[in-house]
Amino acid sequence: MPELPEVETIRSCLEAHQGARIVKVEVKRADIIRRADFELRDLIGLSIKGVGRRGKYLDLVLSGRGHLILHMGMSGRVYQVEEPGQIEAPHVHLIIYLSNQAVIVYQDARRFGGVWLVKDTRDFFSHLGVEPLARAFNTDYLEKALKGRKIAIKTLLLDQRLISGIGNIYADEALFRSGILPDRPSGSLSRREVEVLVRAIKKVLRQGIEQRGTTFRDFRDGYNQMGGFQDHLKVYGRFREPCPTCGQPLERVRLGGRSTHYCAHCQH
DNA sequence: CGCTAGTCCTGTCTGC
DNA sequence: TGCAGACAGGACTAGC
């Protein structure tokens, strides 16, 4: 679920807790901890030095070189509450109590997400590709990555080893805005098309962040509030609705196992 | 390399 | 109303 704009939205919400100390940690389900370089109780007393994001991972940087890393999978939420008594919602797996009285809640119904206690993030993030909003993600980079590849361009955009942060919604939206069909063999894109696509990816991700993410179903921001970008989606979730550009009914197919939305008239 | 299918899970919606 | 089946924003693996 949460793609780059959603995780970034949560990240900026949690930034308010920079400097706060962890006073207590409750784990409701031990198996959501996917890796622990140190003990959970070692978190007590550490302060939050910063809140980062890498791809779709949220990175709580702790004093003493530790990181508490969260991934939301499909249905995960991370948000803060003022009153601990209000955390009765189902599927709460981790609760972090801070010295500033805030309580951070991690919940994930489907448990596709996870939590990692990591000492050094360099190796942890080493499998991830370029940040799509970074300068390093440009026409040259994508053109090189596409060269000779036959894989469908949408499937390639979802490969986190090449570009980290794009998910199903923003892939469909970026391709629509670029006028490129999702199943085009990656290597068949012209330099001009690659350029247009890179710009569209950056633009749609930035708009998603501005709108505080897309709440298609589960997503909530760091205050457990819905995002706003769902009102700006042009194709995702709009099967059979008229294309916002040409009015023809939008199509939906399955591509690489993922639901894929596009306009057969506007995208080539 | 590229592609499909399966896996991890629960919730929600649709059609009968 | 009940129930079965499809489907869901992610990521990994096995197999061909």
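All heavy atoms count here, side chains included; hydrogens, waters and symmetry mates do not. Proteins get letters first, then strands, A, B, ... in listed order; numbering begins at 1 in each. Here the structure is a predicted model, which is why all the values come from computation and not from measurement.
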**Complete:** Of dC7(C), dC9(B), dG2(B), the nucleotide closest to the side chain of Ile151(A) is dG2(B)
**Request:** Look at the side chain of Lys56(A) and decide which nucleotide, out of dA11(C), dC12(C), dA8(C), has an atom nearest to it.
**Result:** dA11(C)
**Asked** Of all the nucleotides listed (dG10(C), dA8(C), dC1(B)), which has the minimum atom distance to the side chain of Tyr236(A)?
**Response** dA8(C)
**Request:** Among the candidates dG2(B), dC12(C), dG10(C), find the nucleotide nearest to the side-chain atoms of Phe112(A).
**Result:** dG10(C)
**Message:** Say we look at dC3(C) and dC8(B): how far apart would their C1' atoms be, to the nearest angstrom?
**Reply:** 25 Å
**Fill in**
Picking from dG2(B), dC12(C), dC9(B), the nucleotide nearest the side-chain atoms of Tyr57(A) would be dC12(C)
**Prompt:** Would you say Lys150(A) reaches dG2(B)'s phosphate, i.e. side-chain N/O to OP1/OP2 under 4.0 Å?
**Reply:** no
**Asked** Under 30°, 30 to 60°, or over 60°: which ring-plane class applies to His127(A) and Tyr57(A), parallel, tilted or perpendicular?
**Response** perpendicular
**Request:** Respond yes when some side-chain nitrogen or oxygen of Arg110(A) is under 4.0 Å from OP1 or OP2 of dG11(B), and no when none is.
**Result:** no
**Item:** Whole-angstrom distance between dG10(C) and dC1(B), as gauged at atom C1'
**Value:** 23 Å
**Asked** Does Ser75(A) have a side-chain nitrogen or oxygen under 4.0 Å from the phosphate oxygens OP1 or OP2 of dC9(B)?
**Response** no
**Message:** Strictly below 4.0 Å, N to O, side chains only: are Glu195(A) and Arg191(A) in salt-bridge contact?
**Reply:** no
**Asked** Salt bridge check: are Asp108(A) and Arg34(A) linked by an N-O gap of less than 4.0 Å?
**Response** no
**Prompt:** Which is true for Tyr170(A) with a 4.0 Å heavy-atom rule: it touches a base, it touches only sugar-phosphate, or it touches nothing?
**Reply:** nothing
**Message:** Classify Thr155(A) by what it touches in the nucleic acid, base, sugar-phosphate, or nothing, heavy-atom distance under 4.0 Å.
**Reply:** nothing
**Request:** Look at the side-chain N and O atoms of Gln160(A) and state whether any lies under 4.0 Å from the OP1 or OP2 oxygen of dA11(C).
**Result:** yes
**Pair partner, dG15(B) [Watson-Crick or wobble, under 3.5 Å]** = dC3(C)
**Message:** Assess, by modelled atom type and distance only, whether the side chains of His17(A) and Gln80(A) contain a donor and an acceptor separated by less than 3.5 Å.
**Reply:** yes
**Prompt:** Is any side-chain nitrogen or oxygen of His71(A) closer than 4.0 Å to OP1 or OP2 of dG10(C)?
**Reply:** no
**Item:** Any His91(A) side-chain nitrogen or oxygen under 4.0 Å from OP1 or OP2 of dG11(B)
**Value:** yes
**Message:** Taking any heavy-atom pair under 4.0 Å as a contact, classify Arg34(A): base, sugar-phosphate, or nothing.
**Reply:** nothing
**Request:** Please examine the side chains of Glu173(A) and Val235(A), heavy atoms only from C-beta on, and report whether any two atoms are closer than 4.5 Å.
**Result:** yes
